[in-house]
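Below you'll find the structure, written out as structure tokens, and then a few comments.
Each ligand, and each atom within it, is numbered from 1 in the order the structure gives.
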Amino acid sequence: MTSSPRHFLDLWRMESADLRAILDDAKARKAARSGWPKGKVDADAPARDRVLAMIFEKHSTRTRFSFDAAMRQLGGDVIISTSADMQLGRGEPIEDTAKVLSRMVDAVMLRAKVHEDLERLALASSVPVINGLTDKSHPCQILADLLTFEEHLGPVKGRTLAWVGDGNNVCSSFIHAAGKFGFKLNIACPTIYHPDLTDLARASEMQANVVMTDDPKAAVRGADCVITDTWVSMGDTDHEARISAFEPYQVDDGLMDLAAQDAIFLHCLPAHRGEEVTDAVMDGTRSKIWDEAENRLHAQKSILAWCFEAI
Ligand code: CP
Ligand code: NVA
């Protein structure tokens, strides 16, 4: 009997020790190749002779390029397609797609419109499946964010992170991470755009320290890190209602000044400058968004190495 593949679907399903090991591996791998050309393969090449398929149902810059660069640096290769270019886009069942791809590649990354499709793909796949963002979660992003946090401020355990804005897919993965990594997460969002109740229930089950408020100042006061994201995610249709509901939730220098003195600002990007965040914060000294974007690559490599059982 073959063992089930190591899927990377959501942080709440993962063991804390595995997540910690992935983060530590990312730190070590990044340090080991400091100053190297970006195309040079890591010494241990844990994805040598492996191929990752990437399927995109939505747009992407960071996820697409970081996974591609990650596989090259790990010594492997990639095949990339939009779902629209595949028979999947014409209605071929995702389970059949999973079975076919499992015969051709060693892992599949999916950016899906509907989270359940990711779950269905994983159930039918005999190779690891990675969540490259769904409407419900974005776990790869959070590992890059925590890597960035720890590079600048040290261990995240016991620290306070403040999420300001939409209780969206990225927020949900932060909720999962709060339970797994042991940090406090303050969330400030308008009541109608609160995070998924299932995720808040998961937080309680994990005894995660997650505090909800509709007051951005209360959430940010004394926090080590302030995080926001677009007010209108891919697939959201109520654009105007959102812009007006989120207006009091813009991250500006005044809000950042309430955080801890050495607090950092993170944003998964793409940002809508002048909406959820001002230019001054984006381009200011507290902003670590470019490190964060780079760290998508380093985190991705270690997620892949874990999926390939090299961690
Ligand atoms: N942060 C992030 O996932 O960016 P992309 O949508 O560009 O992949
Ligand atoms: N919440 C955003 C994240 C983009 C990386 C979205 O889903 O569009």
Item to check | side-chain contact (heavy atoms from CB on, under 4.5 Å) assessment of Lys136 paired with Thr198 | outcome: CA-CA 10 Å; Lys136 299 281 189 207; Thr198 312; over 6 Å; no
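Between Met234 and ligand 2, a contact under 3.5 Å exists for at least one N or O pair. Considering backbone and side-chain N/O of Arg111, one or more are found under 3.5 Å from N/O of ligand 1. The shortest N/O to N/O separation between Asn169 and ligand 2 falls below 3.5 Å. Of the N or O atoms in Cys268, one or more lie within a sub-3.5 Å distance of an N or O in ligand 1. Geometrically, ligand 2 and Ser233 share a nitrogen or oxygen pair separated by less than 3.5 Å. In terms of N/O distances under 3.5 Å, ligand 2 is approached by Asp229. Checked by distance only, ligand 1 and Leu269 come closer than 3.5 Å through their nitrogen or oxygen atoms.
His138 NE2, 2.8 Å is the protein heavy atom nearest to atom 3 (O) of ligand 1. For atom 4 (O) of ligand 1, the closest heavy atom belonging to the protein is Arg62 NE, 2.9 Å. Scanning the protein for heavy atoms near atom 7 (O) of ligand 1, the closest one is Thr61 N, 2.6 Å.
Taking a cut-off of under 4.0 Å to the non-hydrogen atoms of Leu269, the atoms of ligand 2 that pass are 5 (C). Near Arg296, meaning under 4.0 Å from any of its heavy atoms, are these atoms of ligand 1: 1 (N), 2 (C), 3 (O). Counting the atoms of ligand 2 from 1 in the order shown, those under 4.0 Å from a heavy atom of Leu133 are 3 (C), 4 (C), 5 (C), 7 (O).
Contact check on Asp24 versus Arg20 returns a salt bridge, with a Lys/Arg side-chain nitrogen under 4.0 Å from an Asp/Glu carboxylate oxygen.
Put simply, the side chain of Asp42 never gets that close to the backbone of Asp44: no donor and acceptor are under 3.5 Å apart. A distance-only check finds no donor-acceptor pair linking the side chain of Asp10 to the backbone of Trp12 [under 3.5 Å]. Within the 3.5 Å criterion, the main-chain N or O of Val51 finds a donor-acceptor partner in the side chain of Asp106.
Of the residues Lys301, Arg296, Glu294, the one that meets the side-chain hydrogen bond (donor to acceptor under 3.5 Å, both in side chains) test with His298 is Glu294. Put simply, the residue from Leu266, Val156, Leu161 that forms a side-chain contact (heavy atoms from CB on, under 4.5 Å) with Asp145 is Leu266.
The closest side-chain donor-acceptor pair between Tyr193 and Asp238 falls under 3.5 angstrom. Judged purely by distance below 3.5 Å, without hydrogens or angles, the side chains of Asn295 and Glu151 pair a donor atom with an acceptor atom. A donor and an acceptor atom, one from each side chain of His138 and Ser173, are nowhere located under 3.5 Å apart.
Heavy atoms of Asp166 found under 4.0 angstrom from ligand 2: none, in either backbone or side chain. At a heavy-atom distance under 4.0 Å, no atom of Lys58 approaches ligand 1.
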